[in-house]
Amino acid sequence: MLCWVYPESSAVSGPLFHYTDYNPNAIGGVKLWINSGRLDAHFEESYGITTTEPLALNKWHYVGSSYDGNTGMASLWLNGTSVESQNISYITLATGYNVRMGEIDGNRFFKGRITAMQVYDVALTAEQINAVKDAGRGLLAND
């Protein structure tokens, strides 16, 4: 999952992209969130990675998460660079759920802007991620 985000508050945690079943508190699924200002990805119930530093507010960031089923590596991407990665083993991602962007359960919202969401069924390399980076760049306001 890759997208451009413009966070406007670090006090509010909310989803960028979230595969979830009908229970909004369910742990399973695949999630990319901003959590207390930091980029956060979860892959199924037990596997999550989070950036150590919060994203700068009121600024566009190119963010993403990936999972490589061949190697078991999960990664978080910031501006075309892998900033966190962890071997989470071999799992089957639950991407058959409903998809939500920017909101979940009517109570949790991402406070900011999201554009050019891209979802792939393979883990892209850094070269591939940077090659598609500008796909939504023309849509950004307040660059």
Side-chain angles (χ1 to χ4, degrees), residues 1-21 23-105 108-143:
M1 295 178 277
L2 298 165
C3 66
W4 285 93
V5 297
Y6 188 95
E8 296 174 348
S9 173
S10 60
V12 178
S13 297
L16 301 177
F17 203 75
H18 187 117
Y19 284 100
T20 183
D21 63 12
N23 175 0
N25 296 315
I27 298 172
V30 178
K31 304 166 187 164
L32 181 61
W33 281 53
I34 299 294
N35 192 354
S36 299
R38 297 178 306 203
L39 189 60
D40 181 64
H42 282 265
F43 306 89
E44 302 315 314
E45 294 183 19
S46 303
Y47 307 102
I49 52 177
T50 306
T51 56
T52 55
E53 297 295 321
L55 299 178
L57 297 179
N58 303 312
K59 177 181 174 183
W60 285 105
H61 303 275
Y62 183 55
V63 302
S65 66
S66 63
Y67 169 71
D68 187 332
N70 295 317
T71 64
M73 290 301 292
S75 300
L76 284 175
W77 297 85
L78 178 59
N79 298 319
T81 302
S82 175
V83 292
E84 298 288 336
S85 61
Q86 178 180 343
N87 191 316
I88 62 172
S89 190
Y90 302 99
I91 59 174
T92 300
L93 298 178
T95 56
Y97 294 127
N98 293 327
V99 174
R100 305 285 239 161
M101 192 167 98
E103 175 273 337
I104 190 72
D105 73 18
R108 291 176 280 184
F109 301 88
F110 169 66
K111 177 75 170 135
R113 302 176 217 162
I114 304 169
T115 194
M117 177 57 73
Q118 303 168 48
V119 180
Y120 296 91
D121 64 354
V122 296
L124 302 182
T125 65
E127 183 178 275
Q128 292 168 320
I129 287 171
N130 282 295
V132 297
K133 181 177 182 179
D134 290 328
R137 190 109 178 116
L139 304 173
L140 305 181
N142 300 324
D143 215 21

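Computed from a predicted structure; not experimentally measured.
The minimum heavy-atom distance between Ala56 and Pro7, with the atom names listed, is O-CG, 3.6 Å. Considering every non-hydrogen atom in both Ile49 and Gln86, the closest pair reads CG2-OE1, 3.0 Å. Scanning both residues, Trp4 and Lys133, for their nearest heavy atoms gives NE1-O, 3.0 Å.
Results of the side chain to side chain donor-acceptor pair (under 3.5 Å) test with Trp77 over Ser82, Ser66, Ser65 single out Ser66 as the only residue that passes.
To the nearest 0.5 angstrom, Ser10 atom OG is 12.0 Å from Lys111 atom NZ. To the nearest 0.5 angstrom, His18 atom NE2 is 11.0 Å from Leu32 atom CG. Of the inter-residue distances, the one linking Thr81 atom OG1 with Asn130 atom CG reads 6.5 Å to the nearest 0.5 angstrom. From His61, atom NE2 reaches atom OH of Tyr6 across 9.5 Å, with rounding to the nearest 0.5 Å. Taking CD of Gln118 as the start and CE of Met1 as the end, the distance is 12.5 Å to the nearest 0.5 Å. How far CG of Asp68 is from CD1 of Ile88: 10.5 Å, rounded to the nearest 0.5 Å.
Considering only heavy atoms from C-beta on, Leu55 comes within 4.5 Å of Val63 through its side chain. Here the side chains of Leu2 and Val132 are in contact, with some heavy-atom distance below 4.5 Å. Within the 4.5 Å cutoff, the side chain of Tyr120 has no heavy atoms near those of the Gln128 side chain. Between Asp134 and Tyr62, every side-chain heavy-atom pair lies at or beyond the 4.5 Å cut-off. Ile34 is listed as a side-chain neighbour of Leu16, based on a closest heavy-atom distance under 4.5 Å. Side-chain atoms of Arg113 and Trp60, non-hydrogen and from C-beta on, do get closer than 4.5 Å to each other. Inter-residue side-chain proximity for Asp40 and Lys31 is flagged as unmet; no heavy-atom pair is nearer than 4.5 Å.
Ring-plane geometry between Phe43 and Tyr67 is classed as tilted, the angle between the planes lying from 30 to 60 degrees on a 0 to 90 degree scale.
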